[in-house]
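One structure is given below, encoded as structure tokens.
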Amino acid sequence: MTDDEYFDDDEFRELLYEYEQAVRSGQPVFMDADDLGDVADYYQQHGRYDEAQAALERAAELQPDSVVALNFKMHNAINEGDYDAAEAYLEQIADHDLPEYVYGRAELWMAQGEEERADNYLRDNFSGVSPEEYQDYVLDVVNLYSDYGYNEKAMEWMMRARPDDSDDFKELMAHTLFGLGKYDDSERIFKELIDRDPFQKRYWSALANTQFMKEEYGESVSSSEYAIAIDPSDAEGLLAKANGLFRLDNFDEALTYYQRYGEQEPDDEFGLLHQGTCLISLDRCEEAAAVLQTALKVAPGDSPYLVEILQELAFAYSDMEMPETALYYLDRTDELDCDHVDMLVIKGHILLANGRTEQAEDMFRQAIIKSDNSPRTMMRVIVSLYDNQYVEASYQAFLKYFKMVPADWNEGYAYMALVCHSLKRYDEFLDYLREACRRNAHEAQLVLGHLFPDGVTPAGYYDFMEKQFKNNNNQPS
């Protein structure tokens, strides 16, 4: 049972049975487009997205001028960025009062960044909504805004809804809160939903995502495992577990789950990118380059991951001692919308790693000049020196750096502590460790966490290390 009155009705169950029997037997499907649309909605609700797509494709083949088919074609055109075609399909829906037209019109504007135009249209249409349709209309609008990342608008419309205790309402509220970055509240609601229905895989995946955003990576992995236990091929659960393992630096196991995710979503450049990143971390750079080349091939031109793919390709080829190829991929970011100063620092890092010190210095100099002597850019250059084993040079550079930055600056102290530790300047290490934990606990954990046992938090780093030194005659254990 689905807890949906229509989908649990005997008539729909018979319709679904007939459809699935025809598909399994390879027989032609002869159904009304509206019925096929209902089948697609059912699959969509259950996370069976490929089957939903197939049902809609059949509807478009059988009745190409039906509202279901036109709505399907419009969405495909939007996804491909062909807004003129989407407009043409939308205008073929003759009845402009139909929900498919109303939501389609708003969605087309949202896709083009015309948020206010969409909102004004939805508000105008809202005035004619009957009391019986009020709640459904509001929640449909919330879903639309959430899908396009207009999270504040989504919450604004969510506040118009009549609060109820239904699972659908709670789930939508949890997703809306997640979009606004209110992860504690979102987590609480997903846990309530899991208490009601512990076998709903999407609740577990959503919970894993909220915990991931709270940097509770171990808990995130545990939650994702429930989703995978319910459905071993659940793409969202597999991705959530891979992401959590990746943040825990468990690259070997993370790679396995990114690969399993890739079996479900072979054209998702995000999963391929992270397969490549895991392989680089495992010193399997030739394999990484091959996977990242695939990611580059499948990524659309406007992919938000394109810069990262090119950057990781550069690291892979740098590690294979092919700096020219590495720089070629970084040069391709020149025409993309990204932090070009950051790219100059990475170019300098790669040149330095391959022994081209003069060229590296030139790149670092350009980066600092173009950043208007940004302390953050200077810090990245100094960290690159350390990463490339120029430890004494990084130490001297940090001494000058801390004389230049404002008194309340909170970045770099953890890195300097690490430099001092590498140089066995233990008194200075403790001084900078104290400052790092006081000024920026997050940076301290990120940079220095590997020096401490599990369970020791930045608040306890200094006391732990001081005690270790005393117990070992002023030397680290």
Side-chain angles (χ1 to χ4, degrees), residues 41 44-45 47 49 52 71-72 74-87 89-90 93 96 98-129 133-164 166-190 193 202-203 205-207 209-210 212-214 236 239 268-270 300-306 337-338:
D41 287 343
Q44 189 83 14
Q45 188 183 92
Y49 303 114
N71 192 46
F72 171 67
M74 183 205 73
H75 278 103
N76 281 348
I78 289 176
N79 291 337
E80 293 167 4
D82 190 346
Y83 301 125
D84 290 338
E87 178 75 31
Y89 289 128
L90 180 65
I93 300 176
H96 289 191
L98 286 174
E100 289 85 353
Y101 181 88
V102 172
Y103 299 142
R105 167 56 61 205
E107 183 173 355
L108 184 50
W109 282 329
M110 287 182 199
Q112 297 174 85
E114 298 186 56
E115 172 194 359
E116 290 304 324
R117 190 176 183 187
D119 199 54
N120 290 334
Y121 173 77
L122 290 166
R123 285 171 182 268
D124 289 344
N125 194 74
F126 191 35
S127 61
V129 170
E133 298 172 329
Y134 177 98
Q135 186 80 341
D136 286 343
Y137 184 90
V138 170
L139 299 184
D140 286 342
V141 171
V142 172
N143 269 314
L144 264 182
Y145 276 122
S146 293
D147 287 345
Y148 282 90
Y150 294 114
N151 298 306
E152 291 184 2
K153 283 290 184 187
M155 182 56 78
E156 183 182 317
W157 278 84
M158 196 74 196
M159 292 300 96
R160 294 189 174 99
R162 302 186 189 102
D164 62 49
S166 70
D167 290 350
D168 287 346
F169 182 87
K170 283 180 170 290
E171 184 177 6
L172 187 53
M173 176 60 85
H175 281 299
T176 306
L177 289 164
F178 180 90
L180 288 171
K182 298 181 180 297
Y183 304 123
D184 287 335
D185 293 330
S186 180
E187 179 182 28
R188 174 180 52 77
I189 295 174
F190 279 122
L193 288 166
R202 69 175 186 271
Y203 294 164
S205 294
L207 177 61
N209 289 333
T210 62
F212 181 88
M213 295 307 293
K214 292 173 64 180
E236 192 175 355
L239 183 60
D268 181 5
E269 72 271 23
F270 177 87
D302 61 350
S303 169
Y305 306 110
L306 197 54
D337 182 16
C338 65

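Since we're looking at a predicted model, the values are computed, not measured. Only heavy atoms go into these numbers, but all of them, side chains included; no hydrogens, no water, no symmetry mates.
Between His175 and Phe190, the ring planes are perpendicular. Angles over 60° get that label, and only those under 30° would be called parallel. Ring-plane geometry between Trp109 and Tyr121 is classed as perpendicular, the angle between the planes exceeding 60 degrees on a 0 to 90 degree scale with a lower cut at 30.
Under the 4.5 Å side-chain criterion, counting only non-hydrogen atoms from C-beta, Gln112 is not in contact with Arg117. Looking at heavy atoms from C-beta onward, Trp157 lies in side-chain contact with Arg123 at the 4.5 angstrom threshold. Proximity of Tyr203 to Asp167: side-chain heavy atoms (C-beta onward) are separated by under 4.5 Å at one or more points.
The structure places NE2 of His75 at 5.0 Å from CG of Asn71, a figure rounded to the nearest 0.5 Å. One finds the OH atom of Tyr103 at 3.5 Å from the CG atom of Asp140 (value rounded to the nearest 0.5 Å). Between atom CG of residue Leu239 and atom CZ of residue Phe212 there is a gap of 9.0 Å, rounded to the nearest 0.5 Å. Here CG of Leu122 is found 4.5 Å from OH of Tyr137. Values are rounded to the nearest 0.5 Å. In this structure, CG on Leu172 lies 6.0 Å from OG on Ser146, to the nearest 0.5 angstrom. With rounding to the nearest 0.5 angstrom, the CG atom of Leu177 is 4.0 Å from the CE atom of Met155.
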side-chain contact (heavy atoms from CB on, under 4.5 Å) assessment of Glu100 paired with Met74: CA-CA 10 Å; Glu100 289 85 353; Met74 183 205 73; over 6 Å; no
CA sep, side-chain torsions, deciding dist, call: Phe178, Met213, side-chain contact (heavy atoms from CB on, under 4.5 Å): CA-CA 9 Å; Phe178 180 90; Met213 295 307 293; 3.7 Å; yes
Residues Arg105, Glu87; criterion salt bridge (charged side-chain N to carboxylate O under 4.0 Å, His left out); working and verdict: CA-CA 8 Å; Arg105 167 56 61 205; Glu87 178 75 31; 2.7 Å; yes
Working for salt bridge (charged side-chain N to carboxylate O under 4.0 Å, His left out), residues Glu116 and Lys153: CA-CA 10 Å; Glu116 290 304 324; Lys153 283 290 184 187; 3.6 Å; yes
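Nearest heavy atom pair, residue Tyr134 against residue Arg160, reads OH-O, 2.6 Å. Of all heavy-atom pairs between Phe169 and Pro163, the closest is CZ-CA, 3.6 Å. Scanning both residues, Ala206 and Glu236, for their nearest heavy atoms gives N-OE2, 4.4 Å. Between Ala111 and Ile78 the shortest heavy-atom distance is CB-CG2, 3.7 Å. The nearest pair of heavy atoms linking Ala161 to Leu139 is CB-CD2, 3.9 Å. Closest approach of His96 and Val102 over heavy atoms only: O-CG2, 3.7 Å.
The neighbour count for Asp164 CG, taken as heavy atoms of other residues, nucleotides or ligands under 6.0 Å away, is above 12. Residue Lys182 places its NZ atom among 12 or fewer non-hydrogen atoms of other residues, nucleotides or ligands, all under 6.0 Å distant. Within a 6.0 Å sphere centred on CD of Glu114, heavy atoms belonging to other residues, nucleotides or ligands number more than 12.
Side-chain contact, Asp119 with Tyr145: a donor N or O sits under 3.5 Å from an acceptor N or O.
Between the side chain of Ser303 and the backbone N or O of Pro300, no donor-acceptor pair lies under 3.5 Å. Proximity of a side-chain donor or acceptor of Gln135 to a complementary backbone N or O of Arg162 within less than 3.5 Å is detected.
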